[in-house]
Participant: 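I have a structure here, written as structure tokens, and I will follow up with some questions on it.
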Amino acid sequence: MEHVTVSEEPSAALMYHVERPVFNEGYIDSELLHRKKRTSKSLQRRIAEHLRCSSEKAKSVVFGFLPILTWLPSYPLKQYLFGDIVSGISTGVMQLPQGLAYAMLAAVPPVFGLYSSFYPVLLYTFFGTSKHISIGTFAVISLMIGGVAVREAPDSMFAVNGTNASQVVDFEARDARRVEVVVALTTLVGIIQLVLGLLRFGFLAIYLTEPLVRGFTTAAAVHVSVSQIKYLLGVHTARFNGPLSVVYSLDAVFRNIASTNVVTLIIGLVCTVFLYIIKDLNERFKKKLPIPIPGEIIVVIVSTGISYGMVMSENYGVEVVGKIPTGLLPPKIPDFSVFPNLFPDAFAISVVGFSIAISLAKTFALKHGYSVDGNQELIALGLCNFMSSFFHTFVVTASMSRSLVQESTGGHTEIAGLLASILVLLVVVAIGFVFQPLPTTVLAAIIMVNLLGMFKQLKDIPALWRTSKIELAIWLVSFFASVLLGLDYGLVVAMGFAILTVIYRTQCPKNALLGQIPDTGLYFDVDEYEEAEECSGIKIFQSNTSIYFANSDLYVSALKAKTGIDPAKLLAGRKSQIKYAKRDNGERKAVNHCSSVKKNAVVLLDVELGVTHEVVAGPKKQMDHVYTNGQMNENHTESDSEDDFFLQRLTPIHTIILDFTPVNFIDSVGAKCIKSVSQQLLFPKKTLEDRLVRSGLIH
């Protein structure tokens with residue numbers, strides 16, 4: 001029975017006094033606890049139960065696959081409809097220019113960005129579980145797609161009169177081929193995401209830790225910004241892909257900077273400054289503004305009108321969007337022949353896209369008090385990409401900027417996304433041709449201003465320096481690897497490094513000796529806290545890691561180093577005891593039994609310097625520095641008993657406590673190591689006595 005009493009003295013801290021019996025493991029297993037009897041089911045029975053269909057199970061499956069059925073029947077029109085309408089219009093207005101802009105990153109004509117802003121958003125309304133994320137085009141994913149498109153369909157393949165890079169390129173044929181590649185890539189990404197979702201691999205995103213993702217997206221922002229400089233300046237350079245593509249792109253821009261179109265540069269800078277001011281105003285007065293100021297659509301409309309009125313494309317050589325067909329294209333089966341070349345890129349894009357979407361979804365779900373299903377989100381993204389790819393779209397995911405707008409303008413459900421997609425549809429079907437005179441430098445300005453949020457992630461560096469050096473290393477490796485090697489190889493390197501840090505944490509844990517804080521029951525690292533004092537003759541060892549095959553030897557080595565006790569030296573000391581005891585026993589038999597002189601062996605063990613021994617003869621001779629019961633006794637007199645004399649302690653430490661509080665698990669190899677070192681350290685006195693008896697030293 002456990003007795004607890006509470007002391008409530010006003011002037012003293014609250015204290016608990018606990019009294020309870022001490023149990024051993026055998027008593028607990030045999031007397032206190034009894035395992036429940038479980039009847040194992042056969043494989044056939046388990047399969048039959050899993051495949052058995054009932055109305056409740058069918059309903060659960062349908063509702064899980066179509067989450068819209070769980071909330072649409074009970075949709076509160078009066079409370080939610082107005083907010084969803086305002087949010088949908090605001091998000092749709094933002095979706096239009098971003099769709100046009102991010103299509104440039106994907107290396108396809110701008111109209112395909114509008115298609116990608118309609119079909120996937122419409123489908124997510126039915127299959128998604130997040131009420132606030134805005135599905136559609138996103139800069140990072142678009143850039144990764146563009147890299148694949150440029151690699152599979154470079155300009156050199158479409159030179160009109162040969163393969164010389166200086167010759168004229170058939171842009172129409174090139175764009176058509178790139179669209180085929182991008183659509184096939186989108187189909188493959190959708191299949192991968194759908195299969196992973198059906199196999200319940202929603203946990204896959206946990207391997208993309210937050211510092212890795214933030215470092216990766218910051219590097220992607222660098223790639224995107226560099227790729228847009230040529231549009232901002234109005235210079236014509238090739239698009240580079242792969243390792244050091246950022247360096248090659250900057251080099252190409254600076255080599256051609258003399259051919260900068262001044263009108264294009266002025267338009268781009270004016271739009272950039274205007275968008276930055278609008279973005280800052282929206283951030284400063286977001287609590288006072290009913291809806292954010294739609295700076296992007298204002299810039300698009302105004303610049304389109306000015307470009308059309310002044311015929312900038314012909315009079316000033318300003319590059320414009322060009323032909324935008326009215327209406328939707330008929331569905332088309334993707335080109336499956338390019339799948340083998342696209343699979344590695346498709347897998348990377350599918351994982352990155354899902355990681356971005358699920359992180360945003362969980363953020364909003366936590367804020368608004370609902371839950372999202374990671375596996376269903378993976379299925380929803382897979383269906384959005386797979387089914388939409390037949391209608392000429394490219395890969396989509398959640399957009400941070402649009403999601404924030406959708407949430408801040410009063411969006412409550414997926415209806416807001418549905419209304420945004422309808423707005424995009426109206427533009428595509430009715431007035432898409434209006435945007436044909438839009439200067440591409442305006443789209444570049446929109447992209448670069450939207451990247452400011454990603455560049456703010458550089459503030460993570462000082463924060464991580466103060467909190468976790470390992471996570472800072474992951475962030476930096478992810479960033480520099482992605483900038484220098486490209487987003488595809490950079491992601492692989494970053495994930496590999498993140499996994500290595502997990503191994504490093506187990507290989508290099510924090511090992512400590514704990515000491516007691518006086519007058520308390522608290523124990524802390526004696527190397528870190530001045531108040532922590534070790535108990536005499538006791539070592540309390542703590543290592544903040546699990547013990548398994550990869551680090552069990554390191555654990556034992558750290559235990560020896562921290563406690564200062566080496567079992568091998570202890571064993572050598574014991575052997576020396578027996579050796580010199582045998583010699584003294586032989587000498588005693590050789591002399592007169594009536595002699596009153598005794599010869600005794602003293603074994604002194606210095607834990608750090610090794611084993612030393614000394615033979616001391618003569619009656620009542622004093623011995624210095626002999627360890628007894630964990631304490632060093634000065635001027636220790638010779639024991640009258642040979643047994644006690646031979647059994648002097650070899651070390652001042654009589655007890656070692658292994659603190660397993662931070663240990664999550666121990667495998668069989670770790671258990672064997674702990675057992676082995678315990679057997680070496682726990683050399684009982686009785687065992688030594690038995691050996692002395694067998695040696696004839698004790699009668």
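Note that the numbering runs from 1 along the sequence shown for the chain.
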Participant: So, does Ser355 use its side chain to make a donor-acceptor pair with the main chain of Val352 at under 3.5 Å?
Facilitator: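 Flag not set: sc Ser355 to bb Val352 has no pair under 3.5 Å.
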Participant: Measure the OG1-CG distance between Thr91 and Leu96 for me, rounded to the nearest 0.5 Å.
Facilitator: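 Interatomic distance, Thr91 OG1 to Leu96 CG, rounded to 0.5 Å: 11.0 Å.
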Participant: From Lys286 NZ over to Thr409 OG1, what is the distance, rounded to the nearest 0.5 angstrom?
Facilitator: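 One finds 13.0 Å between NZ of Lys286 and OG1 of Thr409.
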Participant: Does any non-hydrogen side-chain atom of Glu407 lie less than 4.5 Å from one of His368?
Facilitator: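 In contact.
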Participant: Using the side-chain contact (heavy atoms from CB on, under 4.5 Å) definition, which of the options Leu443, Leu232, Leu275 pairs with Met448?
Facilitator: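 Single pass found, and it is Leu232.
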Participant: Kindly compute the distance separating OG (Ser117) from CZ (Phe112), expressed to the nearest 0.5 Å.
Facilitator: 13.0 Å
Participant: So do the side chains of Leu328 and Leu425 get within less than 4.5 Å of each other, counting heavy atoms only?
Facilitator: yes
Participant: With a 3.5 Å distance limit and no angle check, can you tell me whether His412 reaches the backbone of Gly410 through a side-chain donor-acceptor pair?
Facilitator: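 At least one qualifying donor-acceptor pair exists.
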Participant: Please check this pair: side chain of Ser245 against backbone of Gly242, looking for a donor-acceptor N/O pair closer than 3.5 Å.
Facilitator: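 Checking the backbone N and O of Gly242 against the side chain of Ser245, a donor-acceptor pair under 3.5 Å is found.
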Participant: Under the 3.5 angstrom rule, does the side chain of Ser87 hit a backbone N or O of Gly83 as a donor-acceptor pair?
Facilitator: no
Participant: Under a 4.0 Å threshold between the charged nitrogen and the carboxylate oxygen, would Arg255 count as salt-bridged to Asp251?
Facilitator: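 Yes, charged N to carboxylate O under 4.0 Å.
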Participant: Quick one: are Val189 and Ser350 in side-chain contact, heavy atoms under 4.5 Å?
Facilitator: yes
Participant: Partners of His236 by ring pair (Phe, Tyr, Trp, His ring centres under 6.0 Å), sequence neighbours excluded?
Facilitator: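 Ring pair (Phe, Tyr, Trp, His ring centres under 6.0 Å) list for His236, sorted by chain: empty.
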Participant: Testing Leu185, Val182, Asn341 one by one against Val148 for a side-chain contact (heavy atoms from CB on, under 4.5 Å), which residue passes?
Facilitator: Leu185
Participant: Quick one: CG on Leu233 to CG on Leu265, what's the gap to the nearest 0.5 Å?
Facilitator: 6.0 Å
Participant: Roughly how far, to the nearest 0.5 Å, is the CG atom of Leu212 from the CG atom of Leu491?
Facilitator: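 Spacing of CG (Leu491) from CG (Leu212) equals 6.5 Å.
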Participant: Less than 4.5 Å apart, any side-chain heavy atom of Ser359 and any of Val213?
Facilitator: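 Not touching, per the 4.5 Å side-chain cut-off.
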Participant: Are the side chain of Thr186 and the backbone of Val395 linked by a donor-acceptor contact shorter than 3.5 Å?
Facilitator: yes
Participant: Okay, side chain of Ser307, backbone of Ser303: is any donor-acceptor separation there less than 3.5 Å?
Facilitator: no
Participant: Is any side-chain heavy atom of Thr326 closer than 4.5 Å to one of Val429?
Facilitator: no
Participant: Which heavy atom of Arg214 sits nearest to which heavy atom of Gln457, and what is that distance?
Facilitator: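 So the two residues come closest at O-NE2, 3.0 Å.
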Participant: Mark yes or no for whether Ser403, through its side chain, and Ser134, through its backbone, hold a donor-acceptor pair below 3.5 Å.
Facilitator: yes
Participant: More than 12 heavy atoms of other residues, nucleotides or ligands under 6.0 Å from CZ of Phe285: yes or no?
Facilitator: no
Participant: Counting heavy atoms not belonging to Phe339, are there more than 12 under 6.0 Å from its CZ?
Facilitator: yes
Participant: More than 12 heavy atoms of other residues, nucleotides or ligands under 6.0 Å from CD1 of Ile333: is that the case?
Facilitator: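 Counting other residues, nucleotides and ligands, CD1 of Ile333 stays at 12 neighbours or fewer.
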Participant: Might you point out which heavy atoms bring Ile446 and Pro97 nearest each other, and give the distance in Å?
Facilitator: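 The answer is CD1-CB, 3.7 Å.
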Participant: With side-chain contact (heavy atoms from CB on, under 4.5 Å) as the test, pick out the partner of Phe394 among Leu105, Ile349, Thr137.
Facilitator: Thr137
Participant: Is the side chain of Thr260 donor-acceptor paired with the backbone N or O of Ile257 at a distance under 3.5 Å, no angle test?
Facilitator: yes
Participant: State the OG1-CE distance between Thr187 and Met387, to the nearest 0.5 angstrom.
Facilitator: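 It is 12.0 Å, given to the nearest 0.5 Å.
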Participant: Can we say Arg178 and Asp155 salt-bridge, meaning some charged N sits less than 4.0 Å from an Asp/Glu carboxylate O?
Facilitator: yes
Participant: Is any side-chain heavy atom of Tyr124 closer than 4.5 Å to a side-chain heavy atom of Ser421?
Facilitator: no
Participant: To check you understand the geometry: which heavy-atom pair defines the closest contact between Val396 and Pro120, and what is its length?
Facilitator: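 That closest heavy-atom pairing would be CG2-CB, 3.5 Å.
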Participant: What is the minimum heavy-atom distance between Gly317 and Asn261, and which atoms define it?
Facilitator: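 Heavy atoms only, the tightest pair is O-ND2, 3.2 Å.
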Participant: For Phe240, I'd like to know if atom CZ has over 12 heavy atoms of other residues, nucleotides or ligands within 6.0 Å.
Facilitator: yes
Participant: With a cut-off of 6.0 Å (strictly less than), are more than 12 heavy atoms of other residues, nucleotides or ligands near CZ of Phe82?
Facilitator: no
Participant: Tell me the closest heavy-atom pair linking Thr264 and Tyr231, and the distance in Å.
Facilitator: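 Where Thr264 meets Tyr231 most closely, the heavy atoms are CG2-O, 3.5 Å.
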Participant: With a 3.5 Å distance limit and no angle check, can you tell me whether Asp175 reaches the backbone of Val108 through a side-chain donor-acceptor pair?
Facilitator: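 No; judged by distance alone, with no hydrogens or angles, the pair does not exist.
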Participant: Where is the tightest heavy-atom contact between Phe435 and Val321, given as atom of each residue plus distance?
Facilitator: O-CB, 3.8 Å
Participant: So that I can tick it off, tell me whether Asp170 and Arg177 are bridged by a salt bridge, with the cut-off set at under 4.0 angstrom between side-chain N and carboxylate O.
Facilitator: no
Participant: Checking Phe390 now: which residues fulfil ring pair (Phe, Tyr, Trp, His ring centres under 6.0 Å) with it, not counting sequence neighbours?
Facilitator: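 Phe386.
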Participant: Only one of Met400, Glu377, Gln406 clears side-chain contact (heavy atoms from CB on, under 4.5 Å) with Ile133; which?
Facilitator: Glu377
Participant: Any side-chain heavy atom of Trp475 within less than 4.5 Å of one from Leu458?
Facilitator: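 Side chain of Trp475 against side chain of Leu458, heavy atoms only: contact under 4.5 Å found.
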